[in-house]
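Inspection log for the structure reproduced underneath, given as C-alpha cells.
Here is the naming used below: chain letters follow the sequence lines, and residue numbers restart at 1 for every chain. All of these numbers come straight from a predicted model, not from anything done at the bench.
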Number of protein chains: 2
Amino acid sequence: MSRAPRKDGIANREKILVAALRTLQRDVTAPMAVVAQEAGVGAGTLYRHFRDRNDLLAALQVRSISMVLALVEEILSRDLSGIDAVHEFLVRTVRHGPDLFLSYHGAPKTSDPEYLRLEKGVWDGVHEFVVHGIADGTLRADLTAHDVIIFGSLIAVPLPGVDDWPAVAGRQIDLFLAAARAG
Amino acid sequence: MSRAPRKDGIANREKILVAALRTLQRDVTAPMAVVAQEAGVGAGTLYRHFRDRNDLLAALQVRSISMVLALVEEILSRDLSGIDAVHEFLVRTVRHGPDLFLSYHGAPKTSDPEYLRLEKGVWDGVHEFVVHGIADGTLRADLTAHDVIIFGSLIAVPLPGVDDWPAVAGRQIDLFLAAARAG
DNA sequence: GCTTAAACGGACGATATTCTCCGGTATGGT
DNA sequence: ACCATACCGGAGAATATCGTCCGTTTAAGC
C-alpha cells in the first residue's frame, strides 16, 4: 500500500502555485529561483513538484481554466435569463483576473490534454448561455458563444499600466452588453 | 563637421528592427543572438545600434506608437463623421497589428519620454473623434476617448491561438460600434 | 517512540544569454 | 585614388539560469 501524502508536501505545492502566479503574472520571464524564493522553498522542492518550467506554466493554466469552468457551471446551475448569464460570466471572469494565468500573459498556450478538456467545457457552457438567451429573447439572434468567449478573454487580463481595471473592464462589459441585447 | 551617415549603417538598423519585430512578436524571450541572425547581422552590429535588450524593446514600442499616431492624424485630416472616424481607427489599428509591438506582447511598457509624448498624441486625436462624433449626433453622448482607446488596445494584438484575427476582431468592432452608436 | 519512506534545501555542474573587444572592411569626403 | 572614420562580424569573457544530486529533516504507520 502507498502511504498517505505528507501534508508539508501538499502545503508546499500550494505555496509554490500561489507564488508562481503572483510572480509570473508580473513578469513571465522571472527565473525559477525567484519563484522558489517567493514561495519560501528551496529550488529542489520547486523542481520536485514541477518537472521543469513548462510544467509549472502548464499547471497554472490548468488551474486557471478550471476556475473559469467552475464559475460557468455555477452560473448554469442558477436559472438566469440569457443576458444575465452572460453578464455574470463576464463580470466574474474579470473579478477572477488576479487569480488567472492564461496564455495572454505571454506564456505559450499549453497543449496539456486536461487543459483542452476543461477549455471545451467552458466553451460548451457559454454556448448554452447564448442559445438559451436567444430563445428567451434577451440576446440578439446572431450572437455566438465565440463572440462572448473572445470578448471575455480580452478583458480577463488587465491591460498593463491601467489603474482600476475592474472599473474599466466593467465599462467595456456594459458596452458589450448594450450591443448583445436583443432589439 | 560630422559626416553623412553610412548607408550600410542605416540599412542594418532597419533590418534589425524588422527582424526584431517578427522574432519578438512570436516570442518576447527570444535571445538577442536570434534577432541578430534573423536580421543577418553580427551580434556586435546589433549592440552598436541598440545599447542593450531594453533599448531594442523601447525602440520597437516607439516605432509602433508612432505608426498609430500617423494613422490617427491621417483620419483626422479627412472629414469623417464621428462614428466613421472611430470605425476607421479601430479597423486600421487591427490591420496594423502585424507591425505593432506594444507592451501587451509581454515586454514591460517603456518609459521613454518620446513614447509617452506620442501616446498622448494618440489620446488627443481620439478625443477629437469622439467629441466631434457626439456633436454631430453619430455617437452616444456618454462615450469617451478612454472607452475607444481601451477597446482599441484590446483588439490591437491578436489573442494567441486564434485563427484569422482580422475577421474575429472585425466582429468585435461591429459589436462595439453597435453599442457606441447614438440612439 | 521507532522505523522508514517521503520531502526538504541549497550547493553545484551544465548550459544559455548577454554584451564587449578588436582586427578587418566598406563608405564618404576631397 | 586615397585617407580617415564609421561600421562590420564573430570569438569569447562575464554573467545568469536551469535542473540535479545528496546529506539532512520531517511526517506517516505501527
| remark: Here the pair of heavy atoms bringing A/Leu143 nearest to A/Ile134 is O-CD1, 3.6 Å
Side-chain N or O of [X] closer than 4.0 Å to phosphate OP1/OP2 of [N]:
X: B/His49; N: D/dC8; answer: yes
X: B/Asn12; N: D/dC7; answer: no
X: A/Arg53; N: D/dG19; answer: no
X: B/Thr45; N: D/dC7; answer: no

| message | Between A/Lys120 and A/Glu114, is the salt bridge (Lys or Arg N to Asp or Glu O under 4.0 Å) condition met? List the steps. | response | CA-CA 10 Å; A/Lys120 181 171 187 320; A/Glu114 177 70 359; over 6 Å; no
| query | Taking for each residue the nucleotide of DNA chain D with the nearest heavy atom, is it A/Arg51 or B/Ile10 whose nucleotide lies nearer the 5' end? | reply | B/Ile10
| message | Please report the end-to-end axis angle for the helix from C/dG1-D/dC30 to C/dT30-D/dA1, five pairs per end, rounded to 10 degrees. | response | 40°
Electrostatic pair [X]:[Y] at N-O distance under 4.0 angstrom:
X: B/Asp142; Y: A/Arg171; result: yes
X: A/Lys15; Y: A/Glu38; result: no
X: A/Arg92; Y: A/Glu74; result: yes
X: B/Glu119; Y: B/Lys109; result: yes

| message | Quick check on the hydrophobic clustering: are B/Val62 and B/Val18 connected, directly or via other members, by side-chain heavy-atom contacts under 4.5 Å? | response | no
| said: Let me spell it out: for each of A/Gly42 and B/Ala43, pick the nucleotide of DNA chain C with the closest heavy atom. Which residue's pick is nearer the 5' end? | reply: A/Gly42
| query | Within the structure shown, what part of the strands sits under 4.0 Å from B/Arg48 by heavy-atom distance: base, sugar-phosphate, or nothing? | reply | base
| task | Looking at every strand, decide which applies to A/Gly44 at a 4.0 Å heavy-atom threshold: base, sugar-phosphate, or nothing. | result | base
Atom pair distance, as rounded to whole Å: [atom1] in [X] and [atom2] in [N]:
X: B/Glu38; N: D/dG9; atom1: CD; atom2: P; result: 15 Å
X: A/Gln37; N: C/dC8; atom1: CD; atom2: P; result: 17 Å
X: B/Leu56; N: C/dT17; atom1: CG; atom2: C1'; result: 15 Å
X: A/Tyr47; N: C/dA11; atom1: OH; atom2: P; result: 16 Å
X: A/Asp52; N: C/dA14; atom1: CG; atom2: C1'; result: 16 Å
X: A/Leu46; N: D/dC21; atom1: CG; atom2: C1'; result: 16 Å
X: A/Lys7; N: D/dT25; atom1: NZ; atom2: P; result: 20 Å
X: B/Lys15; N: D/dC7; atom1: NZ; atom2: P; result: 15 Å

When you get a sec, tell me which of [options] is the closest nucleotide to the side chain of [X]?
X: A/Pro31; options: D/dC8, C/dG9, D/dT17; result: D/dT17
X: A/Met32; options: D/dA27, D/dC18, D/dC8; result: D/dC18
X: A/Val41; options: D/dT20, C/dG9, C/dC19; result: C/dG9

Protein-nucleotides 4-6 of chain D N/O pairs under 3.5 Å:
from	atom 1	to	atom 2	distance (Å)
D/dT5	O2	B/Arg3	NH2	3.2
D/dA6	N3	B/Arg6	NH1	2.4

